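Below you'll find the structure, written out as structure tokens, and then a few comments.
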Amino acid sequence: MRANPAEYEFAVPDSMRGVLSLLARDPGEWLPIAGGTDLMVQYSAGSLHARKLVSIWNLPELRRIEVSAEEVQIGASCTYTDLRAHEVVNRDFTLLASAASWTGGIANQNRGTIGGNIVNASPAADSLPALLVYGAELLVVSVRGERRVPYRTFHIDYRKTQLEPDELIRAVCLPRRFSEYYAQARKVGARNAQAIAKVCLAALGRLEDGLVADLRLAMGSVAPVPLRLTETEHIVKGRPIEPTLVRLARMAVVSEIRPIDDMRSTARYRAAVAANLVAEFLEQLAAGGTKT
Amino acid sequence: MNEFPPQREKSEIILRVNGKFVAVRAHGMERLLDVLRDDLGLTGTKEGCGEGECGACAILLDGVLVNSCLIPAFQANGADLVTIEGLAADGRLQLLQQTFLEFGGTQCGICTPGMIMAAFHLLSKKPQPTREEIREGLSGNLCRCTGYAQIFEAVAEAGRRGGTT
Amino acid sequence: MTKQRIVGTSVPRLEGRDKVTGQARYVDDMVLPGMIYGATVRSHIPRGKIKRISFGPGIDWSKFAIVTPTDIPGKNCIALIEDDQPCLADGVVNQPEEAILLLAHPDRHLLPKAVEAVSVEYDPLPAIFTMEESEQRSQIIWGADNVFKSYLIEKGDVDPLWQDADFIVEGEYRTGAQEQLYIETNGMIASFDAQQGLTVWGSLQCPYYVHKALMKLCDLSADRVRVVQLETGGAFGGKEEYPSMIAGHAGLLAMKSGKPVKIIYDRLEDMTATTKRHPSRTRHRTAVSKDGRILGGEIEFTIDGGAYETLSPVVLSRGAIHSGGPYYWPNVRIRAKAVATNAPPQGAFRGFGAPQSLFALERHMDRVAQVVGLSPVEIRRRNFLKPGETTITGQTVREEIDVGKLLDRALELSNYEAKKEKFARHNPQSARKRGIGLAAFLHGAGFTGAGERYLSSVVGVEASTDGSVRVLVSSTEFGQGTKTVLCQIAAEALGLRYEDVEIAQPDTQEVPNSGPTVASRTIMVVGKLVQSAAMGIKQTLMAGGLLGESYSPEEFRAVCRSYVAQHGKFRSLARYEQPDDMVWDEEKYRGSAYAAFAWAIYVAEVTVDLTTYNVLVNDFVALQEVGRVLHPVLAKGQIIGGVAQAIGFALYEKVVWEKGRMQNGQMTNYIMPTSADLPTIRVYFEELGNVHGAFGAKGIGELPMDGPAPAIVNAIEAALGVPFNSIPLLPEDIFDALDEKVGPESKFSSARGEP
């Protein structure tokens, strides 16, 4: 443990208003902490720069999951366990439910939150590709009001997001239009449990009259931010899936992603596996893959 | 809910630990693991990695399995905690403790408290877990000695004999 | 022979109850009044002269105890085989993370910042990081030639073979460093008192190693150093020699500050600064007849020892002696050497050189099979040692071991032939390639050659006032079952119940030196001494006419109680005696290397997923002949745990080095297998007995580490048709090899089995 607890201030406001006032009052000084599964690791390693932490763990409005006909609104402090336990998430948003089940062990799933995962903005995060393909929108709040942000614009660069210093993510909104899609989530890590992704894929596809009517692909760990593979999607959409197209799709994937060599893996490996995962998805979609 | 004014003094944290109410003076950002071990003298909960990977520090917080090395004390204020010391009752071993002994589920013992807490939590949700469910329930607890097999046998047997009694 | 009532049954683990209730006390659970906390300032460069040390601003240094080399009362070294490793860098550093100075303070939270605030200026020197650089000798970093130790082992005459051999098979094989990753990190508490001397309590395997090192470092006589082992949360060799260093540090701080000092490493410090398994490189050149018999060969075995000698000569020795495996080599020349590099010294890790040389050998045997045109099974079968034949050191196999029959049983248990055939049919159409592979090996238990005689271990069994009996050994419990099995042995020898026997906590003030808890010697060698010492108690009571030929446990206790009441507590001691038939030539490295070998055949079944290049071990059969199983649950636990670690060694555990420093020193980034990565490991034993071991037991603690890696890589080659000769073998390596094999044009696509 390389941090000195005596150097830290903390606050536990009992309302959202309290949290937001604090963030507005001293912008950039207070770091919101939810379940702590990312921040406390940094803290223990002695690499947490913030010295003031404000808890958003126990605010009921951030722990709700609200279901309407059009969308599911997931409170930012909902844990992976909350996601896995929710009937609609399990049935209609399998990519997110799968990602939640792959994030750490049970103890970390009980504390890790979807909002924390987004704000921590690791390109390797398991849930974020799922949010990209589901076309998520974020409800972002501050004392200045609330705004709705398309998630695909949220990540600006490596661990940099659109979030202003006085803002908080209140909820993640997922439009309910993908339940009839063929969905596949794949995570490739160094081992079968408790692993950071070397590559991960969230994929949705729909065939109509033998042609790809819609294709939505997103990957983690292949770029500085979670990446939507728009070029690959573009090449595939409107065409029938056959070996030539799959080969083209592979090439598109490899040219679209920007993987690196790091401690965990190599760029070559990531590129190869990314291409393999997409090829596998397309082949299974073509083989009559029904909603999983 | 209470509000602590921003401060660098220690503040009072109230906890229920293994059924007993205690008040501790601690810095808000002390790890709950250290509050248990250093302030309360409950050294049964162990540190193996300090990064939430090994599960040696696992306890129940409000009935939920958590890694106590990742919980700041100020977020545990008012919580109901169960640690390994709270499982045996009146000198009688809890069922899991019994089966761990019978099946070789403990070798060096350092992962054992966290492992038993994780198993206890699993059995409270799934009284008759399949091997796959045991594996998933304990996937956040690393053991370097046993290769897991005899741990899983112990958990399965505890399930067969009556779960979390 | 009387049937045994206790030995051979799975009695409850002696200290188990404390472990499952959280009562067991490990070093970080212990607190002494007035205790302060220590931390270590370490080097950031791999090699250089220390120019200046400055203590930065923002810290009240007056409140810290500070220890530098000038505070060392004795010799600035951690005494082991040589005295070359300084306790604190003596003006020069030879590795990253070398200890430079020590700090202590009552508030443990102030230490990390204080450590950061000490700045060290260096005149850097050129550093070397690989065995090859060390061999080139462009930089001499240790001794005259960078070589800690070398051995030459010769049998018969190799040179004439090459001319007429039908086949000459060559190969080079490598293994990487491996971190022991005990879940409890290194820790120590020290307390010094001018009267009593220095006491240390800690997580350790060998109390007397620490004792010897502290005497020299602190210039204290034997009776003024006391070492107490506390409950130890895993060791695997990683706490064989390193604890002497951390005990030295805590001891010096205690002496300087006048307060008890606790040092506990966090995971990052433990991983980056302490010992790991020696990386190795083995080169084989083997002359083989056309019917697949080994005519002879040359084996070059080289290990990377890091910056200081520590135990490298012994790791080298064991690795070299095991490099011929369970086969008959009529002629062989083995050149073994341990070389220095600018990295933290490598050290003991379960297997201790044998996993490295046996990986090479068992991969090489598959290669030999291919060249000769025989199956992996057949090539081995034709070369197994038979009773009456001699090993590579010229030791005659005296037991009636039939390794061929062991092989047959392993093949049957694993369904080897049927699976091999099924996979050959199935693989061409699948993107998930399956393979099955095997490894045959042996592991010598106890210290090599004259080692046990040199150790001259002493064991005590003491009769207590309440009539119970107490075992006194310096052998430590760290999960492998020392306490349980030694008490079983004593109880059996004395005709008592398991509950009638206690064992003293290893404390150098209390227990004799039964040798270090290493080398798979505890049950076999120390256990046999416990048997003798226990018999000594019985003989004393019988000689006094107090005990008849047969008696009940209650009668024994009553007699013991009254004897002790009359004469006081008495101890029966037993000292190791080398068996007469164990003759060893230390110079020529020939003769009886070990009192007993355990023999094994392991079979691994794997699936390689060509989408992800991940390897999954689907099934594993571990069959071994171990003399005698004294405790079925513990024995099985040792094998499963060892196989799991070896699967990590083969497929997952990579130390990422950069200029001699481990870059992935966190559990997130150093990948050990979880339960989701392990198959059901099926364990089977055979028992031939062992006259040199307690109740016929042979050592088994390290055996399971030797076989899995080559069996797995053999299986992967079977699955993919591509040889791999280096571990850890990661998916990235498999991808690179397959991609290269296929060629640049068909980038990535054909690797998945498409045309």
Side-chain angles (χ1 to χ4, degrees), chain A residues 1-15 18-19 22 25-26 29-30 33-46 48 50-60 79 81 84-85 101-112 191-196, chain B residues 1-11 26-35 38 47 49-79 114 117-119 121-122 125 133 135-142:
Chain A
M1 222 299 259
R2 299 186 179 205
N4 182 0
E7 290 177 8
Y8 293 80
E9 288 179 41
F10 62 91
V12 191
D14 54 12
S15 68
V19 174
L22 202 56
R25 195 187 78 197
D26 308 317
E29 288 218 0
W30 290 91
I33 176 170
T37 54
D38 284 317
L39 294 180
M40 288 300 284
V41 177
Q42 293 173 42
Y43 167 75
S44 282
L48 186 68
R51 284 292 181 273
K52 296 180 179 176
L53 293 119
V54 54
S55 180
I56 56 169
W57 172 249
N58 270 331
L59 298 174
T79 66
T81 301
R84 293 182 70 187
S101 74
W102 294 331
T103 305
I106 301 296
N108 286 346
Q109 289 174 19
N110 286 336
R111 291 285 298 190
R191 59 189 176 194
N192 285 337
Q194 290 237 105
I196 297 184
Chain B
M1 223 62 69
N2 38 12
E3 180 167 16
F4 292 87
Q7 61 183 312
R8 284 163 197 167
E9 304 293 313
K10 292 188 179 188
S11 42
H27 285 114
M29 278 300 277
E30 253 185 69
R31 303 179 307 172
L32 184 57
L33 172 66
D34 297 321
V35 171
D38 301 336
E47 174 163 1
C49 72
E51 40 175 313
E53 278 292 309
C54 73
C57 67
I59 61 168
L60 298 185
L61 186 156
D62 294 335
V64 167
L65 187 74
V66 296
N67 287 326
S68 61
C69 74
L70 297 184
I71 313 256
F74 77 90
Q75 281 188 336
N77 194 23
M117 295 314 295
H121 180 76
L122 170 71
K125 301 211 173 301
E133 286 169 332
R135 178 174 281 163
E136 208 216 340
L138 269 45
S139 64
N141 293 76
L142 298 180

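Protein chains get the first letters and strands the later ones, always in sequence-line order, with residue 1 at the start of each. Just so it is clear, the structure is predicted and the values come from calculations on it, not from any experiment.
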query = Does a side chain donor of either A/T79 or A/N110 reach within less than 3.5 Å of an acceptor in the other side chain?
reply = no

task = Check whether any side-chain N or O of A/N108 sits under 3.5 Å from a backbone N or O of B/G52 as a donor-acceptor pair, and report yes or no.
result = yes

message = If you define the side chain from C-beta out and look only at heavy atoms, does anything of A/R111 sit under 4.5 Å from B/Q75?
response = yes

query = chain B heavy atoms under 4.5 Å from A/A34: which part of the residue, side chain, backbone, both or neither?
reply = backbone

query = Is there side-chain contact between B/L61 and B/L32, with at least one heavy-atom pair below 4.5 Å?
reply = yes

Proximity breakdown for B/C69 and chain A, heavy-atom pairs closer than 4.5 Å = backbone

Region of A/I33 in contact with chain B, defined by heavy-atom distances below 4.5 Å = both

ask   = What residue in B/R31, B/E47, B/M117 has the most heavy-atom pairs under 4.5 Å with chain A?
value = B/R31

request  = Specify whether B/F74 and A/F10 have parallel, tilted or perpendicular ring planes, treating 30° as the upper limit for parallel and 60° as the lower limit for perpendicular.
outcome  = parallel

query = What part of A/R2 is in contact with chain B, defined as an atom under 4.5 angstrom from a non-hydrogen atom: side chain, backbone, both or neither?
reply = neither

key: Any donor-acceptor N/O pair, A/Y43 side chain to B/P72 backbone, under 3.5 Å   = no

Toward chain B, the part of A/E7 with a non-hydrogen atom under 4.5 Å = backbone

query = Which of the residues B/E51, B/R135, B/E53 is involved in the greatest number of heavy-atom pairs with chain A at under 4.5 angstrom?
reply = B/E53

B/I59 portion near chain A, given a 4.5 angstrom heavy-atom threshold = neither

